[in-house]
J.: 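Dropping the structure in here first, questions after.
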Amino acid sequence: MRNFGFIFLILLALLGFSSVFVVTEGQRAIVLLFSKVQKDSSDNAVVYEPGLHLKVPFFSQVRHLDARIQTLDGAPDRFVTSEKKDLIVDSYVKWRVSDFSNYYLRARGDKQYAETLLKQKVNNGLRTNFGSRTIKEIVSGERSELMAEALVQASESAQELGIEVLDVRVKQINLPNEVSNSIFQRMRAERTAVAKEHRSEGQEKAETIRAEVDRRVTVMLADAERNARTVRGEGDAEAANIYALAYNKDPEFFGFMRSLEAYKKTFTSKSDVMVLSPDSEFFDYMKQKDSK
């Protein structure tokens with residue numbers, strides 16, 4: 001009897017544990033009874049809020065589903081514009097589950113599988129919007145309009161998955177690498193040509209300025225040389241005039257001074273040798289004269 005009672009308590013505990021389940025915060029739960037979603041009297045799936053709940057033991061299965069806002073941020077995709085130009089678009093989607101029963105049936109309650117389906121639907125909307133616009137329209141100011149239209153299309157198509165799309169955003173738009181490299185090479189060639197043109201114009205202006213400065217320097221030097229010659233000529237004339245006046249006042253003294261200067265210039269070095277007759281006039285002021 002004791003063994004039977006112990007077994008009965010164990011079975012009662014197992015029955016109690018299998019009859020309750022807990023839904024944590026940020027989750028919702030649906031119950032499958034014989035592999036079918038449990039529904040209420042209005043034929044709507046019963047969604048359990050966070051808390052402690054009861055279920056049919058042993059025959060019910062609980063599926064916990066994330067009810068929080070999710071972010072789908074996959075790899076960038078390639079889209080074609082109305083000009084048949086390729087663009088690499090990096091986007092993200094904010095979404096959450098709105099119909100847990102439909103979400104479970106369509107996506108098997110698998111977040112990764114649901115995001116794969118959602119990504120396809122969002123890309124279809126983006127592909128339509130990019131395909132109806134040019135690159136200039138997309139870049140210049142229609143990105144907000146494009147995202148709004150993509151959000152509407154994604155919301156409509158995602159309803160069948162039991163998903164509510166909250167936002168669709170385009171983070172970045174780039175050209176493919178091969179196109180970017182081609183544009184970069186063209187831009188570099190254009191900038192190089194502009195730089196060469198500016199450099200050539202600068203060299204031309206530098207040569208013009210240099211030639212003008214050289215011309216001014218030449219003119220200034222010529223003017224200075226002319227003025228110097230004029231001043232020198234005037235000085236020589238003034239000196240000659242002074243010499244003439246001095247000679248007229250005392251010819252003997254003037255002759256004496258000129259002879260001294262000649263002696264000084266002639267005998268500047270001890271090694272100088274000059275052969276002259278003793279009666280030469282050059283030595284007149286070196287001879288001893290009788291005093292009168």
J.: Taking C-beta and beyond as the side chain, do Val89 and Arg78 meet within less than 4.5 Å on heavy atoms?
T.: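 With C-beta onward as the side chain, the pair stays apart.
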J.: Kindly check if the number of other-residue, nucleotide or ligand heavy atoms within 6.0 Å of CD (Glu25) is above 12?
T.: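 Not buried by this count: 12 neighbours or fewer within 6.0 Å.
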J.: Take Glu201 and Lys205, measure what salt bridge (charged side-chain N to carboxylate O under 4.0 Å, His left out) needs, and give me the verdict at the end.
T.: CA-CA 6 Å; Glu201 292 177 356; Lys205 290 182 179 180; 5.5 Å; no
J.: To the nearest 0.5 Å, how far apart are CG in Asp90 and CZ in Arg169?
T.: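 Output value for this atom pair is 14.0 Å.
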J.: Salt-bridged, Asp77 to Arg127, with N to O below 4.0 Å?
T.: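 No salt bridge links Asp77 with Arg127.
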J.: In Å and rounded to the nearest 0.5 Å, what is the OG1 to NE2 distance from Thr24 to His64?
T.: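 Taking OG1 in Thr24 and NE2 in His64, the distance rounds to 6.5 Å.
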J.: With clusters defined by side-chain heavy atoms of hydrophobic residues (ILVMFWY) lying less than 4.5 Å apart, directly or transitively, does Ile88 cluster with Leu126?
T.: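 In one cluster: no.
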J.: Can you measure from CZ (Arg28) to CG (Leu65) and round to the nearest 0.5 angstrom?
T.: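 Reported value, rounded in 0.5 Å steps: 10.5 Å.
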J.: Begin from the C-alpha positions of Glu207 and Arg210 and carry the test side chain to side chain contact (heavy atoms under 4.5 Å, CB included) through to its verdict.
T.: CA-CA 5 Å; Glu207 291 296 333; Arg210 192 177 295 111; 2.9 Å; yes
J.: Starting from Met147, can I reach Val165 by hopping between I/L/V/M/F/W/Y residues whose side chains sit under 4.5 Å apart?
T.: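 Yes, Val165 connects to Met147 through the hydrophobic network.
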J.: Quick one: closest heavy-atom pair of Ser82 and Ser132, and the distance?
T.: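 Nearest heavy atoms, Ser82 then Ser132: CB-C, 4.1 Å.
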J.: A side-chain contact here means heavy atoms from C-beta on lying under 4.5 Å apart; do Val23 and Glu49 qualify?
T.: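 Of all side-chain heavy-atom pairs linking Glu49 with Val23, none is under 4.5 Å.
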J.: For Ala67, is there any backbone N or O sitting under 3.5 Å from a side-chain donor or acceptor partner on Gln27?
T.: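 Absent.
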J.: Consider only side-chain heavy atoms of I, L, V, M, F, W and Y, link residues closer than 4.5 Å, and tell whether Phe100 and Tyr113 are in one cluster.
T.: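 Yes, same cluster.
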J.: Could you tell me if the side chain of Tyr92 sits less than 4.5 Å from the side chain of Val168, heavy atoms only?
T.: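 No - every pair of side-chain heavy atoms lies 4.5 Å or more apart.
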J.: Heavy atoms only: give me the nearest Asp99-Asn102 pair and the separation to one decimal.
T.: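 Here Asp99 and Asn102 meet closest at OD1-N, 3.2 Å.
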J.: At what distance, to the nearest 0.5 angstrom, does NZ of Lys85 lie from CG of Leu87?
T.: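 Reported value, rounded in 0.5 Å steps: 10.5 Å.
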J.: If you measure from CD1 on Ile30 to OH on Tyr48, what distance do you get to the nearest 0.5 Å?
T.: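 Between atom CD1 of Ile30 and atom OH of Tyr48 there are 10.5 Å.
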J.: Identify the two heavy atoms, one from Ala29 and one from Val62, that lie closest to each other, and give their separation to 0.1 Å.
T.: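 The answer is CB-CG1, 4.0 Å.
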J.: Any chain of hydrophobic side-chain contacts (each under 4.5 Å) joining Leu54 to Val22?
T.: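 Yes, Leu54 and Val22 fall within the same hydrophobic cluster.
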J.: What's the spacing between Glu115 CD and Leu161 CG if we round to 0.5 Å?
T.: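 Interatomic distance, Glu115 CD to Leu161 CG, rounded to 0.5 Å: 11.5 Å.
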J.: Start with the C-alpha distance between Glu160 and Lys121, add both sets of side-chain angles, then the distance that settles salt bridge (charged side-chain N to carboxylate O under 4.0 Å, His left out), and finish with yes or no.
T.: CA-CA 11 Å; Glu160 64 183 21; Lys121 296 181 180 299; 2.6 Å; yes
J.: Can you see which heavy atom on Val31 is nearest to which on Phe21, and at what distance?
T.: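 Reported closest heavy-atom pair: CG2-CZ, 3.9 Å.
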J.: Would you confirm whether Asn241, through its side chain, and Ala237, through its main-chain N or O, come within 3.5 Å as a donor-acceptor pair?
T.: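 Checking the backbone N and O of Ala237 against the side chain of Asn241, no donor-acceptor pair under 3.5 Å is found.
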J.: Are more than 12 heavy atoms from other residues, nucleotides or ligands located less than 6.0 Å from atom NZ of Lys119?
T.: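 Correct, the count exceeds 12.
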J.: Would you sort out whether Leu166 and Ile69 count as a side chain to side chain contact (heavy atoms under 4.5 Å, CB included), showing the intermediate values?
T.: CA-CA 9 Å; Leu166 303 176; Ile69 296 176; 3.7 Å; yes
J.: Is the count of non-hydrogen atoms from other residues, nucleotides or ligands lying under 6.0 Å from Lys84 atom NZ greater than 12?
T.: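 At most 12 heavy atoms, drawn from other residues, nucleotides or ligands, come within 6.0 Å of this atom.
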J.: Are there over 12 heavy-atom neighbours, none belonging to Gln112, within less than 6.0 Å of that residue's CD?
T.: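 No, the 6.0 Å shell around CD holds no more than 12 heavy atoms from other groups.
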J.: Take a 6.0 Å sphere around CD of Glu204 and say whether it holds more than 12 heavy atoms from other residues, nucleotides or ligands.
T.: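 Not more than 12 within 6.0 Å, no.
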J.: Using the six-membered ring wherever Trp is involved, compare the ring planes of Tyr103 and Trp95 and label them parallel, tilted or perpendicular (cut-offs 30° and 60°).
T.: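 Aromatic pair Tyr103/Trp95 classed tilted.
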J.: Check step by step if side-chain hydrogen bond (donor to acceptor under 3.5 Å, both in side chains) holds for Gln70 and Lys111.
T.: CA-CA 9 Å; Gln70 308 293 330; Lys111 176 185 174 183; 2.9 Å; yes
J.: Between Arg96 and Asp66, is a salt bridge (charged side-chain N to carboxylate O under 4.0 Å, His left out) present by the stated rule, with each step listed?
T.: CA-CA 8 Å; Arg96 65 184 174 189; Asp66 198 335; over 6 Å; no
J.: Any sub-3.5 Å donor-acceptor pair from Thr192's side-chain atoms to Arg188's backbone N or O?
T.: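 Yes; at least one donor-acceptor contact below 3.5 Å.
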J.: Does Glu137 use its side chain to pair, donor to acceptor, with the backbone of Thr134 at less than 3.5 Å?
T.: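 Yes, the answer is positive, given that a donor and an acceptor are paired below the 3.5 Å cut-off.
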J.: How far apart are the closest heavy atoms of Arg133 and Thr81, and which atoms are they?
T.: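 Heavy atoms of Arg133 and Thr81 come nearest at O-CB, 3.3 Å.
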J.: Give the intermediate values and the outcome of side chain to side chain contact (heavy atoms under 4.5 Å, CB included) for residues Val93 and Asp167.
T.: CA-CA 6 Å; Val93 181; Asp167 195 11; over 6 Å; no
